[in-house]
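The sequence lines fix the lettering, A, B, ..., with proteins before strands; numbering per chain opens at 1. Fair warning: this is a prediction, and the values are worked out from it, not measured in the lab.
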Protein chains: 2
Amino acid sequence: MIERMTSQKEIILKYLKSTTSHPSAEDIYLEVRKELPRISLGTVYRILATFKNKKKIIEIAHEVSRYDANTDPHSHFICESCDNIYDIEIPNFKKNINKRGHNKASCLKKIFGDFIKVGKINNYQIYFYGKCKKCSKK
Amino acid sequence: MIERMTSQKEIILKYLKSTTSHPSAEDIYLEVRKELPRISLGTVYRILATFKNKKKIIEIAHEVSRYDANTDPHSHFICESCDNIYDIEIPNFKKNINKRGHNKASCLKKIFGDFIKVGKINNYQIYFYGKCKKCSKK
DNA sequence: TTATTATCAATAATGATTACTAATTAGATT
DNA sequence: AATCTAATTAGTAATCATTATTGATAATAA
């Protein structure tokens, strides 16, 4: 099966790369409809699934799934008040995560202990739940 | 609204406390039906929602929701091969998480940087995805 | 015991996501 | 450039987890 480039894929990825708002499939559908008025929601879901398989995007499974084209290692802060999701940089996290046996004196070891014993980690997601600054000011 | 203790609540919580298997609502329904043959799935969902509000249990929002009566700070390892979820102890994690300004020399500070600037964290969930030891041996 | 009201079982409704199918189209071949 | 063909799509139906509804039941108060 040779993959074909289509305007649907192109425009969805372009939109995801242009935003940090972590839109849902529905949000993406409503947005790209401005350029592709005949696109269907099923197409959006299918294209998002293929992007996820190819690791072009990340799925955030909090209530309805939301999507993020930022594939650099980072985490998310979910405001329980406004439901916005904010990107969080956690430098050096994944890089060190499988280094059991190495860096014994390292900070990671001290904090996380020997939790890697359950298996081999391919990936991780950290979700922080709280109230964002904007909502705290209200 | 004064809460009433019922056998449905009692048996669901007893079951959740007895297991580390992170069952879904459906799993719980099938299990507690052995003791309560007439219980309905809607009742299970409603009771789980009240337990979650009261922080008696944790909801793990990975694909279908799964539930955990272990409310000590801990994280989860999800085996992408067998779909089992394993508990992970990460000592001292939450305890230190909001201490921005304190422990400046601490390990947490070094690793996580100043990500707390987006807001006040009430809670967090870490999901590790990978392949568990059992599946690696197959 | 009777009244009140939280809770329940049963079932219908909802809403996100997936599956299906006939029509379309990207890219290869002529 | 025209044709071919298999990947992709639009439109729609189906699925499945979860929530809402409703009349019946049962726990607690009066």
Side-chain angles (χ1 to χ4, degrees), chain A residues 1-16 21-54 56-68 78 80 83 85 125 127, chain B residues 1-16 21-54 56-68 76 78 80 83-85 125 127:
Chain A
M1 188 193 297
I2 296 132
E3 201 198 351
R4 288 178 183 170
M5 184 45 56
T6 64
S7 54
Q8 287 88 343
K9 288 177 192 169
E10 214 168 347
I11 287 166
I12 287 174
L13 192 57
K14 186 183 70 182
Y15 171 55
L16 274 175
S21 70
H22 308 88
S24 65
E26 178 84 24
D27 295 333
I28 295 164
Y29 169 66
L30 292 173
E31 183 63 31
V32 301
R33 248 183 2 156
K34 293 172 186 168
E35 283 189 72
L36 297 166
R38 296 180 61 74
I39 197 170
S40 80
L41 184 55
T43 299
V44 174
Y45 273 105
R46 184 170 26 71
I47 289 175
L48 290 171
T50 65
F51 285 171
K52 190 191 165 190
N53 283 338
K54 299 204 177 80
K56 288 182 180 175
I57 64 171
I58 288 163
E59 181 179 0
I60 302 165
H62 167 71
E63 293 171 4
V64 319
S65 282
R66 295 168 68 166
Y67 299 89
D68 188 347
I78 299 169
E80 290 165 320
D83 228 45
I85 297 180
Q125 281 285 319
Y127 300 125
Chain B
M1 189 195 295
I2 296 130
E3 201 198 351
R4 289 176 183 170
M5 182 45 57
T6 65
S7 54
Q8 286 88 346
K9 288 178 193 168
E10 213 168 347
I11 288 166
I12 287 174
L13 192 58
K14 186 183 70 182
Y15 171 55
L16 274 175
S21 70
H22 308 89
S24 66
E26 178 84 23
D27 295 333
I28 295 164
Y29 170 66
L30 293 173
E31 184 63 31
V32 301
R33 249 185 358 158
K34 294 172 185 169
E35 283 189 72
L36 298 165
R38 296 181 59 74
I39 197 171
S40 80
L41 183 54
T43 299
V44 174
Y45 273 105
R46 183 170 29 72
I47 289 174
L48 290 171
T50 65
F51 283 170
K52 190 190 166 193
N53 283 338
K54 296 206 179 77
K56 287 182 181 174
I57 64 170
I58 289 164
E59 181 178 2
I60 302 165
H62 167 72
E63 293 172 1
V64 319
S65 282
R66 296 167 68 165
Y67 300 88
D68 189 348
H76 295 105
I78 299 169
E80 290 165 321
D83 228 44
N84 276 336
I85 297 180
Q125 281 285 318
Y127 301 125

Rounded to whole Å, OH of B:Tyr29 lies from P of C:dT11 at a distance of 11 Å
Length of the line joining B:Arg38:CZ and D:dG23:P, which is rounded to integer Å: 18 Å
D:dT21 C1' sits how many Å from B:Tyr45 OH, rounded? 17 Å
Reckon A:Glu26 touches a base, only the sugar-phosphate, or nothing at all at heavy-atom distances under 4.0 Å? nothing
Given the structure, check if the side chain of B:Arg4 and the base of C:dT5 hold any donor-acceptor pair shorter than 3.5 Å. yes
Test applied, side chain to side chain contact (heavy atoms under 4.5 Å, CB included); reference residue, A:His22; option that passes from A:Ile60, A:Ile78, A:Leu16, A:Asp27: A:Ile60
Need to verify one output field. Residue with the more 5' nearest nucleotide on DNA chain C, B:Ser7 or B:Leu41? B:Ser7
Derivation and outcome, side-chain contact (heavy atoms from CB on, under 4.5 Å), residues A:Lys14 and A:Glu35: CA-CA 12 Å; A:Lys14 186 183 70 182; A:Glu35 283 189 72; 3.1 Å; yes
For a quick check of understanding: with a heavy-atom distance under 4.0 Å over all strands, which category does A:Thr43 fall into, base, sugar-phosphate or nothing? base
Nearest whole angstrom, please: distance from the P of D:dA10 to the CD1 of A:Ile11. 11 Å
Note: for B:Glu3 and B:Gly42 on DNA chain C, the residue whose nearest nucleotide lies more 5' is B:Glu3
Rounded to the nearest 0.5 Å, how far apart are CD1 of A:Ile57 and CG of A:Leu48? 4.5 Å
What about the rings of B:Tyr29 and B:Tyr45, do their centers lie closer together than 6.0 Å? no
Could you tell me how far apart B:Glu10 (CD) and D:dA27 (P) are, to the nearest whole angstrom? 11 Å
Taking any heavy-atom pair under 4.0 Å as a contact, classify A:Leu36: base, sugar-phosphate, or nothing. nothing
Roughly how far, to the nearest 0.5 Å, is the CG atom of B:Leu36 from the CD atom of B:Glu31? 11.0 Å
Tell me the interatomic distance from B:Arg46, atom CZ, to D:dA20, atom P, rounded to whole angstroms. 12 Å
Toward the 5' end of DNA chain D, which comes first, B:Met5 or B:Glu63, by nearest nucleotide? B:Glu63
Scan A:Ile47 against the nucleic acid and name what it touches under 4.0 Å (heavy atoms): base, sugar-phosphate only, or nothing. sugar-phosphate
Name the nucleic acid region contacted by A:Ser65, choosing base, sugar-phosphate or nothing; use a 4.0 angstrom heavy-atom cut-off, strictly under. sugar-phosphate
Once you round it to whole Å, what is the distance between C1' of D:dT9 and CD1 of A:Ile12? 11 Å
